[in-house]
Amino acid sequence: MLTDELRNTLIQTAIEARKWAYAPYSNYAVGAALLTTSGRVYDGVNVENAAYPTGMCAERVAMYKAVSEGEQRFSAIAVVTSNGGTPCGACRQALSEFGLDVQVLIADEQGRLVQETSLRELLPGAFGPEDLPRK
Ligand SMILES: [Zn+2]
């Protein structure tokens, strides 16, 4: 379980990162902070693009940063938006690749914790690596 101090650290990190969101089309800035089991925190922001599908969510940016630095075990992620929006389906699926035991903190831009849940709750019946036959 996360301590209150760690919760606050993750939410504040996501709030700080959110300032760098590139969201000129939706104007919906998102900041994320992903805690690995090794104790490192990777932040991320949404990065939109004029060719809309090319954009990327904050949660996946944070996860890809972590994976690209050798981290594949996550314990929590904080997501901050103006109104406490939850991670999209694609981000839920992407995060689930490395396990469903991830606490998810949803906060608004004032840092208020709107919802605390888990990836397992957000993605019931997840399709994962174990569903693919291995040779
Ligand atoms: Zn997403």
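One-based numbering, in listed order, for ligands and for the atoms of each. None of the values given here were measured: they were computed from a predicted structure.
- Every residue two or more places apart in sequence or in another chain that forms a side chain to side chain contact (heavy atoms under 4.5 Å, CB included) with Glu116 is listed here: Arg7, Gln103, Leu105, Leu113.
- Among residues two or more places apart in sequence or in another chain, the side chain to side chain contact (heavy atoms under 4.5 Å, CB included) test is passed with Gln115 by Thr86, Ile106, Thr117.
- Using modelled atom types and a 3.5 Å distance limit, the side chains of Asn83 and Tyr28 yield a donor-acceptor pair.
- Below the 2.8 Å limit, the Zn ion (ligand 1) has as protein N, O or S neighbours Cys57 SG, Cys88 SG, Cys91 SG.
- Shown here are the ring-ring contact (aromatic ring centres under 6.0 Å, His included) partners of Phe74, two or more places apart in sequence or in another chain: Phe98.
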- Task: Begin from the C-alpha positions of Glu69 and Arg40 and carry the test salt bridge (Lys or Arg N to Asp or Glu O under 4.0 Å) through to its verdict.
- Result: CA-CA 11 Å; Glu69 296 194 19; Arg40 291 190 66 185; 3.5 Å; yes
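- The pair Asp43-Lys65 counts as a salt bridge, with a side-chain nitrogen and a carboxylate oxygen less than 4.0 angstrom apart.
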